[in-house]
Amino acid sequence: MNAPADTSSPLLFPTDFPIKVMGLRVDQFAQEIVAVVREHAPDFDPATLELRASSGGKYLSVTATVRATSRAQLDALYRALTRHPLVKVVL
């Protein structure tokens, strides 16, 4: 069953929503991102995480596709990710 329509968002919930997170390529970066994502999307499966190193190998991008249930959930997740000290960019 769909959640009530959120007129402030063009998205229809629930929806699968990819979030790309970039940061320095350091040990535990992916695990830290998974921990933050699971705080806001407990059903997220870490096995679906997509990793890609930059061409120079200095940075790592991590894409987590979450089953978003509301705009508020996505906003809270974005805020938590952007506050994380290892994160440089969230798209």
message = Within this structure, what is the CG-NE2 distance for the pair Leu81 and His40, rounded to the nearest 0.5 Å?
response = 7.0 Å

ask   = Passes side chain to side chain contact (heavy atoms under 4.5 Å, CB included), Leu77 versus Val37? Steps please.
value = CA-CA 7 Å; Leu77 176 53; Val37 169; 4.2 Å; yes

message = Between Val62 and Leu49, is there a side-chain heavy-atom distance shorter than 4.5 Å?
response = yes

Donor-acceptor under 3.5 Å (Tyr78 side chain, Leu91 main chain) = yes

inquiry  = Can you confirm whether Asp27 is buried at CG, in the sense that more than 12 heavy atoms of other residues, nucleotides or ligands lie under 6.0 Å from that atom?
reply    = no

key: Backbone of Ala64 reached by a side-chain donor or acceptor of Glu50 within 3.5 Å   = no

key: Least distance between heavy atoms, Gly23 atom then Phe29 atom   = N-CZ, 3.5 Å

Heavy-atom side-chain proximity of Thr69 to Phe13 below 4.5 angstrom = no

More than 12 heavy atoms of other groups within 6.0 Å of Arg67 CZ = yes

request  = Side-chain contact test, heavy atoms from C-beta onward, threshold under 4.5 Å: evaluate it for Ile19 versus Thr63 and give yes or no.
outcome  = no

inquiry  = Using every non-hydrogen atom in the two residues, find where Ala53 and Leu60 come nearest and quote the distance to one decimal.
reply    = N-CD1, 3.9 Å

key: Rounded distance [0.5 Å steps], CG in Leu11 versus CG in Leu74   = 7.0 Å

key: Residue from Gln31, Arg38, Glu32 passing side chain to side chain contact (heavy atoms under 4.5 Å, CB included) with Val34   = Arg38

ask   = Does any non-hydrogen side-chain atom of Thr82 lie less than 4.5 Å from one of Val87?
value = no

task = Find out whether Leu24 and Lys58 are in side-chain contact, i.e. whether some heavy atom of one side chain is under 4.5 Å from a heavy atom of the other.
result = yes

ask   = How many angstroms lie between CZ in Arg25 and CG in Leu51, if you round to the nearest 0.5 Å?
value = 9.0 Å

request  = Treating Ile, Leu, Val, Met, Phe, Trp and Tyr as nodes and any side-chain heavy-atom pair under 4.5 angstrom as an edge, say whether Leu86 and Met22 lie in one connected cluster.
outcome  = no

query = Quick one: OG on Ser61 to NZ on Lys20, what's the gap to the nearest 0.5 Å?
reply = 4.5 Å

request  = Report, as yes or no, whether the 6.0 Å neighbourhood of atom CZ on Phe44 holds more than 12 heavy atoms from other residues, nucleotides or ligands.
outcome  = yes

key: 4.5 Å side-chain heavy-atom contact, Val89 and Val21   = no

query = Is any side-chain heavy atom of Thr48 closer than 4.5 Å to a side-chain heavy atom of Thr65?
reply = no

key: Side chain to side chain, His84 and Val36, heavy atoms closer than 4.5 Å   = yes

